[in-house]
2 protein chains.
Amino acid sequence: MEAKQDKNNEEMLNAIINNQPPEEVLYEVAELFKVFGDSTRIRILYALFGNELCVGDIAEVLNMSQSSVSHQLRILKDAKLVKFRREGKSIFYALDDDHVYHIMEMGMEHVEE
Amino acid sequence: MEAKQDKNNEEMLNAIINNQPPEEVLYEVAELFKVFGDSTRIRILYALFGNELCVGDIAEVLNMSQSSVSHQLRILKDAKLVKFRREGKSIFYALDDDHVYHIMEMGMEHVEE
DNA sequence: CTAACATATGAGTTATTATTCATATGAACG
DNA sequence: CGTTCATATGAATAATAACTCATATGTTAG
């Protein structure tokens, strides 16, 4: 009885293991959320929610140093969560696409319960 | 001209600052995503996607130690991403609600592009 | 009650990462 | 061109957080 039970459980576990998304995809998903998982970056993203802002303005909105904002923008840029364009001396940042908005909204919803 | 421009920009920045969600909400959103932003926890969540598993089984699926799985389950539990019930000596974990599914699906979608 | 099993937890170590400071790059304008 | 303004970046430090190991808690079976 026990043995049979164990065998079934073993089979079930194997089924689950085989149905998992590939290791590397899971890793990428974690990396994606990791980018959202920092309060400075979240503040930047919400500052850009519907707005296009240059680095200095973002720093002013967040009341943080230009340098740390710039460092975090690079991470957001690498993750393709923000896009940017140059206009003279300034560089304007904006949220990259609808996915970013959706993920932010979903996070907000989960928190506001 | 410059001065007027600056004034408008200042007003715009103030408008943005005032429209930001409260500091503490942003902090919580970041904390939420931080929980999703670790590959061990993401692997646990996907193992639980549609399944109810006990700790030992999760450890087997992930091929990790019982201890580290348990530590991460505590974090998932604190964040209300998983729920659990006891059955005899075992404790079975499952995803807590639809939000969790949605957030995971959204992350997956963003990655698979 | 005690042995055996499943899970949880605390302390310690190591790895990761955000911020600061100093400086580099790059564009505009006289 | 060279100066100024806006942004980016490298190195160093400081703060977080994951994993391991040992052990504690809690449940069931005998």
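Throughout, protein chains are lettered first and strands after them, A, B, ... in sequence-line order, and every chain is numbered starting at 1. Worth knowing before you read on, the calculation uses all heavy atoms, side chains too, and leaves out hydrogens, waters and symmetry mates.
- With hydrogens and angles disregarded, a donor-acceptor distance shorter than 3.5 Å links the side chain of N51(A) to the backbone of A47(A).
- As a whole-Å value, the separation of I58(A) CD1 from dA6(D) P is 14 Å.
- Here dA8(D) presents its P atom at 11 Å from CD1 of I44(A), a figure rounded to the nearest Å.
- One interatomic measurement links the two molecules: CG of L73(B) to P of dA6(C), which rounds to 16 Å at whole-angstrom precision.
- Proximity of S65(A) to the phosphate of dT20(C): a side-chain N or O atom is located under 4.0 Å from OP1 or OP2.
- For E24(B), there are no salt bridge (charged side-chain N to carboxylate O under 4.0 Å, His left out) partners at least two apart in sequence or on another chain.
- Side-chain N/O atoms of Q66(A) and base N/O atoms of dA8(D) include a donor-acceptor pair closer than 3.5 Å.
- In this structure, the CG atom of L76(A) is 14 Å from the P atom of dT9(D), given to the nearest Å.
- The side-chain tip of K83(B) does not point at the ring of Y93(B) from less than 6.0 angstrom away and within 45° of straight on.
- Comparing dA8(D), dA6(D), dC5(C) by their nearest atom to the side chain of K89(B) picks out dC5(C).
- Note on S70(B): a base of the nucleic acid sits closer than 4.0 angstrom, heavy atoms only.
- Using modelled atom types, one side-chain atom of N19(B) and one backbone atom of A15(B) make a donor-acceptor pair closer than 3.5 Å.
- Here dC19(D) presents its C1' atom at 12 Å from CZ of R41(B), a figure rounded to the nearest Å.
- Rounded to an integer number of Å, the gap from F92(B) CZ to dA8(C) P is 12 Å.
- In this structure, F49(A) has its ring center closer than 6.0 angstrom to the ring center of Y101(A).
- In this structure, H71(A) counts as stacked on the base of dT9(D) under the 5.5 Å centre distance and 30° plane angle limits.
- Atom-to-atom, CD1 of I91(A) to P of dG26(C) comes out at 11 Å; the value is rounded to the nearest Å.
- Per the geometry, OH belonging to Y93(A) stands 15 Å off P belonging to dA6(D), to the nearest Å.
- Using a 4.0 Å heavy-atom criterion, one finds that S67(B) contacts the bases of the nucleic acid, with or without backbone contacts as well.
- Taking for each of E87(A) and S68(A) the nucleotide of DNA chain C with the nearest heavy atom, the 5'-most of the two is the partner of S68(A).
- When the side-chain nitrogen and oxygen atoms of K34(B) are compared with OP1 and OP2 of dT16(D), none of them lie within a distance under 4.0 Å.
- Across all strands shown, I75(B) has heavy atoms under 4.0 Å from sugar-phosphate atoms exclusively, and none from any base.
- Listed candidates were dT7(D), dA18(C), dT27(D). Nearest to the side chain of R86(B) is dT27(D).
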